[in-house]
Amino acid sequence: ARRCGSGVCPRYKILSSRFIDGERAAWHAPRSLFAKEERVERTRKFGKYFLTGGCAAGVYIVSWWLFAQTGIGTTNASLLAFLPTWVFKFFLHKFWVFEDPDRSTTKQQALPYGLLTFGTFCLYYIGVQALRHFYDLTELHADTIAGLGAAGVRFVIFRRFFMRKTSVS
């Protein structure tokens, strides 16, 4: 049971029949209510995370096409298309998916976000090569499996360490 010092749980405000020291009622939510609300919140956030990834893929494809039209080559276009995609994903993840309103931490979060993005890209690349080599999967299947695995790892790391909801004072 979650108890609050003031007798009112500001998050759930559900009265319990228990009493503390025979004077104040302890306010808490049943454990099953916490689990359901947390599951719904996690599912909603996970859906927003994957929607952001899909939109970022669209930004990448459009950016790559625009850069490729300049005649710099597809490899160089691919490298240049990474930057607008990275900026797009960073701001959507920070302010929409993980709902972090604190603008003062944006610069401090950008570099670790970029490094993590690069690290999970390497993990994804190694995963694709390993799945194709050891399990003889097609490129599409290996790409899908490794992509989902890398996205899951990034989601957990972002949610746990980088994009934590903070209060704005």
Side-chain angles (χ1 to χ4, degrees), residues 10-12 33-169:
R11 191 168 175 189
Y12 296 102
L33 181 63
F34 282 114
K36 183 178 181 184
E37 284 191 12
E38 288 172 1
R39 262 194 323 270
V40 168
E41 175 66 19
R42 223 181 357 250
T43 302
R44 184 182 68 80
K45 195 168 287 204
F46 204 61
K48 286 167 67 173
Y49 180 81
F50 275 100
L51 182 61
T52 299
C55 292
V59 168
Y60 179 81
I61 291 168
V62 169
S63 299
W64 176 84
W65 183 80
L66 289 172
F67 287 127
Q69 294 301 310
T70 64
I72 62 171
T74 57
T75 303
N76 291 334
S78 178
L79 293 172
L80 288 175
F82 175 77
L83 186 60
T85 305
W86 178 82
V87 170
F88 176 79
K89 284 192 314 184
F90 175 74
F91 284 104
L92 274 183
H93 281 156
K94 178 168 176 60
F95 297 111
W96 185 55
V97 176
F98 297 103
E99 301 169 0
D100 183 1
D102 189 5
R103 294 182 187 275
S104 66
T105 61
T106 302
K107 289 180 182 177
Q108 296 151 347
Q109 290 172 334
L111 180 63
Y113 180 89
L115 293 174
L116 182 62
T117 299
F118 179 72
T120 53
F121 175 75
C122 292
L123 176 69
Y124 156 78
Y125 180 77
I126 291 168
V128 168
Q129 297 306 317
L131 288 169
R132 290 186 72 203
H133 179 73
F134 293 114
Y135 295 102
D136 199 29
L137 295 177
T138 65
E139 187 172 353
L140 176 64
H141 289 109
D143 185 50
T144 303
I145 293 168
L148 289 173
V153 167
R154 287 183 63 196
F155 177 78
V156 169
I157 292 173
F158 287 159
R159 184 168 181 252
R160 184 87 172 148
F161 299 107
F162 290 108
M163 308 291 182
R164 304 184 90 179
K165 194 185 283 190
T166 57
S167 61
V168 178
S169 34

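Small disclaimer: the values here were computed from a predicted structure and weren't measured. Index from 1, following the sequence.
Looking at T117 and F82, their side chains come closer than 4.5 Å, going by heavy atoms from C-beta outward. Between H93 and Q109, the closest side-chain pair of non-hydrogen atoms is not below 4.5 Å. Taking 4.5 Å as the limit, every side-chain heavy atom of F88 sits out of range of all side-chain heavy atoms of Y60. By the 4.5 Å heavy-atom criterion applied to side chains, L148 and F50 are counted as neighbours.
The main-chain N or O of Q108 is never found under 3.5 Å from a side-chain atom of T105 such that the two would form a donor-acceptor pair. The main-chain N or O of A142 is never found under 3.5 Å from a side-chain atom of Y135 such that the two would form a donor-acceptor pair.
Rounding to the nearest 0.5 angstrom, the gap separating the CG atom in L115 from the OG1 atom in T120 is 10.5 Å. Interatomic distance, CZ of F46 versus CG of L51, reported as 13.0 Å (0.5 Å rounding). Interatomic distance, I126 CD1 to L131 CG, rounded to the nearest 0.5 Å: 12.0 Å. Note that CD1 of I145 is 5.0 Å distant from CG of L137, once rounded to the nearest 0.5 Å. The distance from the OH atom of Y113 to the CZ atom of F118 is 15.0 Å, given to the nearest 0.5 Å. One finds the NZ atom of K89 at 10.0 Å from the OG1 atom of T52 (value rounded to the nearest 0.5 Å).
Pairing each heavy atom of I72 with each of F67, the nearest pair is CG1-O, 3.5 Å. Of all heavy-atom pairs between P84 and S63, the closest is CG-OG, 3.6 Å.
Partners of Y125 under the ring pair (Phe, Tyr, Trp, His ring centres under 6.0 Å) rule, at least two apart in sequence or in another chain, do not exist in this structure.
Exactly one residue among K45, K48, K94 makes a side chain to side chain donor-acceptor pair (under 3.5 Å) with E99. That residue is K48.
In this structure, Y49 and F155 have perpendicular ring planes: the angle between them is above 60°, well past the 30° mark.
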